[in-house]
Amino acid sequence: MSSFKTKLILLLASSSLMVPSVISAATETTDTPPYTYSNGFIQTYVHGTYVPGYYLNIDDNTVAAYIPGGVGLVAVDKDAVLPEGSRFLE
């Protein structure tokens, strides 16, 4: 039993020494992921804003818009006519 405890202690000690080096070895990415999972919902990155939902055709004509009245943020075509009180997000 003593041999098992010694091996376990050595394993824990060596793994705790490796954790900081593994964390520092992780590289930062400069690219923003097109989709993220946050607060239980998938969100799509639309020109600087994460919009709730999964949108497939995001191009230069797609913008994020805020539509009041319970709709919230959506991704729409920049030429779309929005309801009164709505606004495009930059």
Side-chain angles (χ1 to χ4, degrees):
M1 192 67 168
S2 175
S3 173
F4 174 72
K5 286 183 182 180
T6 304
K7 288 180 183 178
L8 183 61
I9 290 171
L10 285 174
L11 178 65
L12 291 174
S14 62
S15 64
S16 67
L17 293 174
M18 288 187 291
V19 169
S21 62
V22 170
I23 291 173
S24 65
T27 58
E28 290 186 25
T29 57
T30 57
D31 297 330
T32 304
Y35 302 102
T36 185
Y37 187 75
S38 177
N39 297 329
F41 298 102
I42 292 179
Q43 297 181 351
T44 304
Y45 188 75
V46 180
H47 303 292
T49 304
Y50 276 107
V51 178
Y54 185 72
Y55 299 92
L56 293 175
N57 298 323
I58 303 298
D59 57 8
D60 292 338
N61 294 328
T62 306
V63 293
Y66 173 73
I67 300 178
V71 177
L73 291 177
V74 293
V76 296
D77 188 78
K78 67 180 179 182
D79 297 327
V81 177
L82 299 176
E84 186 176 337
S86 303
R87 60 186 172 96
F88 293 111
L89 302 179
E90 295 179 12

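Worth saying up front: this structure is predicted, and the values here are computed from it rather than measured. Computed from heavy atoms alone, side chains included, the values below leave out hydrogens, waters and symmetry copies.
- Side-chain atoms of Thr44 come within 3.5 Å of backbone N or O of Gly53 as a donor-acceptor pair.
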Please list, one pair per line, the donor and acceptor atoms closer than 3.5 Å that link side chains of residues 61-71 to other protein atoms, with sequence neighbours excluded.
residue	atom	partner	partner atom	Å
Thr62	OG1	Asn57	O	3.4
Thr62	OG1	Asp59	N	3.4
Thr62	OG1	Asp59	OD1	2.9

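- In this structure, Phe88 places its CZ atom where more than 12 heavy-atom neighbours from other residues, nucleotides or ligands lie under 6.0 Å away.
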Could you give the side-chain donor-acceptor pairs of residues 73-87 under 3.5 Å, partners two or more places apart or in another chain?
residue	atom	partner	partner atom	Å
Asp77	OD2	Asp79	N	3.1
Ser86	OG	Pro83	O	2.9

